[in-house]
Amino acid sequence: MSDPKIDSGKRTWIIASSCAGAVGAGFAAVPFVGSFEPSERARAAGAAVEADISALKPGEKMTVEWRGKPVWIIKRTPEQLAELPKVDGLLADPKSIRKADELTPLYARNEGRSIKPEVLVVVGICSHLGCSPSDKFTPGAQPSLPDTWAGGFLCPCHGSTFDMAGRVYKNKPAPDNLEVPPHMYLSDTRLIIGEDKTA
């Protein structure tokens with residue numbers, strides 16, 4: 001029979017050397033694992049993101065993150081679309097010509113600021129101080145909104161209002177419409193945000 005003291009000593013040595021080897025392997029693997037992560041520059045640039053809108057119903061909104069910003073995808077109702085031309089006279093930039101190249105791609109320079117009339121894609125950040133406006137889709141009188149409100153967004157920070165196309169109303173702190181990010185359809189129900197055919 002073998003001496004139990006020797007077996008115990010060997011066992012301790014094997015366990016200790018195995019642990020040391022595992023730790024060493026872990027440290028050796030860190031540079032390799034790190035090399036698979038995107039660079040800081042790539043993170044800052046922001047990769048394109050896909051969005052599945054198949055479950056989005058008329059009158060609903062979903063949010064995806066792109067470049068660390070919330071991007072809203074809203075499926076507008078026929079009633080919401082019908083109201084858009086009626087508020088043109090109340091808007092600061094109804095045709096989205098101010099900062100057009102920066103805020104509104106060519107394919108979204110229309111009444112709905114969209115590729116498909118019913119689907120609005122905008123960055124949900126107010127152009128005043130970077131707050132995120134609240135949904136106020138229901139038309140009519142409400143706190144902080146006019147009695148003739150047609151539906152849209154209200155920035156709670158300083159009261160800027162936007163219509164259902166993300167266009168800012170006149171005489172509000174926000175100087176510009178909400179940004180329409182580059183985007184395109186991969187299918188009827190799949191969008192990619194951050195890329196378009198012109199990019």
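We're numbering straight along the sequence, starting at 1.
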Under 3.5 Å, side chain of S132 to main-chain N/O of G124, donor-acceptor pair present? yes

Please find the pair of heavy atoms, one from F153 and one from P133, that lie closest to each other, and give the distance. CB-CB, 3.9 Å

Which atom pairs, donor and acceptor, lie under 3.5 Å between side-chain atoms of residues 171-178 and protein residues at least two apart or in another chain?
unit_1 : atom_1 : unit_2 : atom_2 : d
D176   : OD2    : K99    : NZ     : 3.1
N177   : OD1    : V168   : N      : 2.8
N177   : ND2    : D93    : O      : 3.1
N177   : ND2    : S96    : OG     : 3.3

Euclidean distance, S187 OG relative to E50 CD, rounded to 0.5 Å: 9.0 Å

Heavy-atom side-chain contact between P181 and V121 under 4.5 Å: yes

Shorter than 2.5 angstrom, is that how the SG atoms of C126 and C155 come out? no

Compare all side-chain heavy atoms of Y185 with those of I115 and state whether any distance is below 4.5 angstrom. yes

Is the distance from the ring center of W149 to that of Y169 below 6.0 Å? yes

Contact between M164 and L120 at the side-chain level, heavy atoms closer than 4.5 Å - yes or no? no

Taking the side chain as everything from C-beta on, heavy atoms only, tell me whether D52 gets closer than 4.5 Å to T189. yes

I74 side chain reached by F137 side chain, heavy atoms, under 4.5 Å: yes

Indicate yes or no: at least one non-hydrogen side-chain atom of M62 is less than 4.5 angstrom from one of K75. no

Short side-chain to backbone donor-acceptor contact, R167 and L84, under 3.5 Å: yes

Atom pair CG/CD of D147 and Q142 - distance to nearest 0.5 Å: 10.5 Å

Measure from the side-chain N and O atoms of E102 to the backbone N and O of R98, and report whether any donor-acceptor pair falls under 3.5 Å. no

Just how far is it from atom CG of L103 to atom CZ of R109, taken to the nearest 0.5 Å? 10.0 Å

With rounding to the nearest 0.5 angstrom, report the CD1 to NZ distance, I73 to K61. 11.0 Å

So NZ of K86 and CG of D163: to nearest 0.5 Å the spacing works out to 13.5 Å

Show which residues join I97 in its hydrophobic cluster (side-chain heavy-atom contacts under 4.5 Å, direct or indirect), or state none. none

If you link ILVMFWY side chains whenever their heavy atoms are less than 4.5 Å apart, which other residues fall into the same cluster as M184? By chain and number, please. L186, I192

Can you find a pair of side-chain heavy atoms, one from H183 and one from W66, that are under 4.5 Å apart? no

Are E83 and R76 within salt-bridge range, i.e. N to O under 4.0 Å? no

Can you tell me how far NE2 of H158 sits from SG of C131, rounded to the nearest 0.5 angstrom? 6.5 Å

